[in-house]
Amino acid sequence: MKLSFAAGAIAGMSILAAAGILPVAAIAADAPPGALSCSGCHSPNATDTSTPPRLVGRDPAKTVAALQEFRSGQRAATIMDRIVKGFSPEEIQAIAAWYGAQK
Amino acid sequence: MKRPHPNRRQFVAAGAAAGTFAMLPRPLLAQGAQPKIVVIGGGFAGLTAARMAKRYDPRLDVTVVEANPTYTACPFSNDVIAGLRDIKEQQFGYGKIGSDGVTLAQTAATGVDATARTVTLGNGNKLNYDRLVLAPGIELRFDALPGYNEAAAERMPHAWKAGEQTLLLRRQIEAMNDGGVVVIVSPQNPYRCPPGPYERASLIAYYLKTNKPRSKIIILDAKDAFSKQRLFQNAWKELYPNIEWVSLSMGGKVASVDPATNTLATDFDKVKADVANVIPPQKAGRIAEIAGTTDRSGWCPTDPVTFESRQVPGIHIVGDAAIAGAMPKSAFAANAQAKVCAVAVAKLARGETPETPKLINTCYSLIAPDYGISVAAIYHPVNGQLAEVAGSGGTSPVNAPRTLRNDEAKLADGWFNTITSEVFG
């Protein structure tokens with residue numbers, strides 16, 4: 001299961017890379033549904049230690065794996081166990097891939 | 001209502017040749033024009049929308065209209081009231097937005113002409129727009145509760161718009177004698193920050209517990225249920241037995257107030273307060289009404305994909321002023337809506353169709369500085385309204401160790417730092 005998530009994430013990234021050659025230099029050009037909300041809590045700034053992990057630039061496979069564990073209850077959660085249930089595995093892959101591709 | 005096509009002015013301005021194409025919907029960018037986006041309101045919703053639009057598509061000409069030189073944030077302002085935080089930590093300037101290429105018009109917006117697509121400013125100047133985003137927040141209804149008006153708020157603070165009112169309530173609580181009674185009047189739905197009155201009661205109780213332990217808090221409520229209710233009530237039982245909640249069905253609805261005697265009258269009773277915090281009913285900020293975007297409820301119906309007004313084409317509403325289906329009026333929701341709206345506005349300006357969004361709301365409340373609780377939900381458009389995604393979201397567990405409450409308090413702190421640096425930093 002984990003493997004297929006990772007593969008999906010990588011496929012997502014290559015689509016994003018292809019999208020990157022389109023004329024609009026826009027950071028959010030292809031944000032998948034839900035992704036824009038995450039930055040309300042997840043800081044793009046690596047020095048913010050009081051916040052949950054940085055998603056920007058993070059290996060999408062790790063993001064997907066963490067969310068999968070929150071969903072299954074394998075990983076102890078404060079709030080992500082409730083949030084992850086609002087997204088399909090495909091949506092999670094897309095979000096993880098999009099953040100992974102951000103600088 | 002029939003209105004000229006958004007692109008029409010440009011065609012007309014372009015001269016005679018334009019007439020041939022005047023009826024064809026062509027995106028502004030295809031014509032080489034720089035679409036003008038005007039955002040009214042420099043809070044969590046407005047500033048997010050402006051900066052996001054410009055970052056998303058740098059070719060947009062984006063102006064924020066905001067009269068105040070600094071913004072005082074409401075989230076965490078209950079900490080200020082309880083003496084746990086300095087108001088300066090709530091205050092943010094607009095100095096950084098220029099680095100994104102967003103223009104600030106530091107003046108009030110006094111009028112909107114949705115046909116001519118212009119905004120009139122306090123100095124008489126006009127701004128043209130192709131798309132207008134309204135993020136005016138709330139207006140307190142000083143006509144809704146007999147006896148409660150702007151003058152009464154100087155005696156019985158609402159502290160529901162952070163700033164001088166927050167400090168006034170703090171001073172009153174600090175000046176109160178031990179054994180005093182603090183009354184919090186909580187309004188009917190919908191209003192800004194649904195769990196806010198109960199977080200406020202909790203944090204005032206936290207202050208009283210150490211400083212004035214014989215004092216009491218009474219919440220007079222116009223509702224029978226409230227956000228995170230079980231979590232609050234369990235915590236009160238454990239930590240603050242001096243909080244008394246009087247629900248609507250127990251006669252909690254306040255019918256009138258008398259600032260001269262600091263008395264609150266319900267249908268059954270009169271309560272004399274030492275400190276009276278009256279949170280009155282609310283409506284969308286005034287410019288939303290001027291622009292014709294409010295309905296009979298006083299709030300603004302919006303499209304769940306673009307946040308465009310249901311009533312006035314070309315105007316979008318985000319944040320507390322909007323009716324956004326099941327989404328509550330919170331800073332997190334305002335920020336999330338604004339990002340979706342900004343992308344939609346940019347796409348519409350270049351003739352593209354915005355994609356169907358999903359949005360998250362997360363809202364923390366503090367019961368004590370080391371005791372946090374939360375509610376979260378995910379929303380998507382269903383039958384033209386933003387509805388919760390079934391089987392997701394919810395509140396913190398009712399039974400949880402204090403370590404989890406402490407973790408949530410820390411996340412609350414982190415959230416405030418993250419969101420304010422995204423919006424103002």
Side-chain angles (χ1 to χ4, degrees), chain A residues 15-16 19-20 22-56 67 70-73 75-96 98-99 102-103, chain B residues 29 44 48 52-53 55-59 331-340 342-343 346 350 355-362 364 372 374-380 388-397 400 404-405 407-408 410-419 421-423 425:
Chain A
I15 290 163
L16 281 164
L22 293 171
V24 180
I27 59 150
D30 297 285
L36 295 177
S37 291
C38 307
S39 59
C41 288
H42 291 268
S43 173
N45 186 351
T47 59
D48 288 347
T49 52
S50 64
T51 64
R54 189 170 179 254
L55 300 177
V56 169
L67 288 168
F70 282 131
R71 186 196 293 276
S72 69
R75 186 183 285 239
T78 45
I79 194 162
M80 279 313 299
D81 54 334
R82 291 173 261 155
I83 292 173
V84 72
K85 290 179 183 132
F87 295 92
S88 70
E90 293 73 26
E91 287 172 329
I92 284 169
Q93 284 175 28
I95 292 169
W98 185 78
Y99 271 106
Q102 304 296 308
K103 296 280 181 300
Chain B
L29 280 169
F44 284 98
T48 302
M52 183 73 197
R55 283 178 199 171
Y56 178 76
D57 190 341
R59 293 172 298 182
F332 192 110
N335 173 258
Q337 291 165 7
K339 285 183 273 194
V340 166
V343 172
R350 57 179 193 235
E355 281 160 44
T356 302
K358 267 194 174 179
L359 296 100
I360 304 174
N361 178 56
T362 296
Y364 292 100
S374 63
V375 63
I378 296 83
Y379 304 89
H380 61 166
E388 287 190 21
V389 175
S392 68
T395 61
S396 311
L404 185 85
R405 309 298 191 209
D407 287 347
E408 291 223 85
K410 284 183 187 152
L411 283 178
D413 244 356
W415 166 75
F416 186 81
N417 293 336
T418 300
I419 199 166
S421 67
E422 183 179 60
V423 177

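Side-chain atoms are counted along with the backbone in the values below, which use heavy atoms only and exclude waters and symmetry mates. Every chain is numbered from 1 and lettered A, B, ... according to where its sequence line falls, protein lines coming before strand lines.
Contacts of Lys358(B) classified as side chain to side chain contact (heavy atoms under 4.5 Å, CB included), with partners at least two apart in sequence or in another chain: Pro33(A), Phe87(A), Glu91(A), Ile378(B), His380(B), Val389(B). For Thr78(A), the side chain to side chain contact (heavy atoms under 4.5 Å, CB included) partners at least two apart in sequence or on another chain are Leu404(B), Asp407(B), Glu408(B), Leu411(B).
Minimum interatomic distance between Leu36(A) and Val340(B) (heavy atoms only, all atoms of both residues): CD1-N, 4.2 Å. Of all heavy-atom pairs between Gly40(A) and Trp415(B), the closest is O-CD1, 3.2 Å.
The line from CG of Asn361(B) to OG of Ser37(A) is 8.5 Å long, rounded to the nearest 0.5 Å. Note that CD1 of Ile79(A) is 4.5 Å distant from OG1 of Thr362(B), once rounded to the nearest 0.5 Å. With values rounded to the nearest 0.5 angstrom, Ser39(A) atom OG is found 8.0 Å from Ile419(B) atom CD1.
In this structure, no portion of Thr48(B) lies under 4.5 Å from any heavy atom of chain A. There is no contact between Phe44(B) and chain A, counting heavy-atom distances below 4.5 Å.
For chain B, the option among His42(A), Lys85(A), Arg82(A) with the highest count of heavy-atom pairs below 4.5 Å is Arg82(A). Taking chain A as the reference chain and counting heavy-atom pairs below 4.5 Å, the highest number among Thr395(B), Leu359(B), Val423(B) is found for Thr395(B). Ranking Ala376(B), Pro357(B), Ser396(B), Gly391(B) against chain A, the residue ahead of the rest is Ser396(B), based on heavy-atom pairs under 4.5 Å.
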